Structures are given as structure tokens and as C-alpha cells.
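None of the values given here were measured: they were computed from a predicted structure.
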Amino acid sequence: MPTKPSIDCHRCRHYFVTWEKRQPHGCKAMGFKSEQLPSIVVFHTSGEQCLRYEPKPHIKSGTQGVKK
């Protein structure tokens, strides 16, 4: 069993920053905020990697908002 999750919440489309001092990390898919990254909370609670991880869609730099 791994000692820590290998999922990077910062790369997940469900992750968000709450800007709350005591709970700065949030997960829209799981519906919670926490002091630690959501993937760590999920791992410590269930012993499993997060099953809701979805990579953020890639946006090519310089093309966002450009109309043709």
C-alpha cells in the first residue's frame, strides 16, 4: 500500500482554492473543503486513491479568447 496519494489535485478539474484560511483546498466532485489536499484526505479516510480525479482540459497558451 502506498504511503501517500500519487494524485495531484492541482491538475484535477474538480479542485478549487477556497481562500479560507483554515480550509484552503476544496473538491467540487466530493463536495468538501479541507486543510489538506483532497486526495490526501480521501486516501487517509478510505485507504484508496481518489476515484473522482479528472485531468483539467488543456488550453493552448495564446489562443484563449481569440476569435477567428
Item to check | Arg13 side-chain N/O to Glu54 backbone N/O, donor-acceptor pair under 3.5 Å | outcome: no
Item to check | Expected output: side-chain Ser34 to main-chain Gln23 donor-acceptor under 3.5 Å | outcome: no
Checklist entry - Is it the case that one hydrophobic cluster holds both Val17 and Leu37, taking links as side-chain heavy atoms less than 4.5 Å apart, direct or via other members? => result yes
Next on the checklist: Check whether Gln49 reaches the backbone of Ser6 with its side chain - one donor and one acceptor, N or O, closer than 3.5 Å.
Outcome noted: yes
Checklist entry - Closest approach of Tyr15 and Cys9, non-hydrogen atoms and distance? => result CB-O, 3.0 Å
Item to check | Nearest non-hydrogen partners of Arg52 and Ala29, listed with the distance | outcome: NH1-O, 3.0 Å
Next on the checklist: Between Glu35 and Arg22, does any NZ, NE, NH1 or NH2 come within less than 4.0 Å of an OD or OE carboxylate oxygen?
Outcome noted: no
Checklist entry - Less than 4.5 Å apart, any side-chain heavy atom of Arg11 and any of Pro55? => result no
Checklist outcome for this item: Taken to the nearest 0.5 Å, the spacing of Ser39 OG from Glu48 CD works out to 14.0 Å
Checklist entry - According to a 4.5 Å side-chain heavy-atom criterion applied to Ile, Leu, Val, Met, Phe, Trp and Tyr, with indirect links allowed, do Met30 and Val41 form part of one hydrophobic cluster? => result yes
Checklist entry - Could you state the interatomic distance from CD1 (Ile7) to CG (Leu51), rounded to the nearest 0.5 Å? => result 7.5 Å
Item to check | Considering all heavy atoms, the nearest Pro38-His25 contact | outcome: CD-CB, 3.8 Å
Next on the checklist: Tell me whether Tyr53 shares a hydrophobic cluster with Phe16, the cluster being built from Ile, Leu, Val, Met, Phe, Trp, Tyr side chains joined at under 4.5 Å.
Outcome noted: no
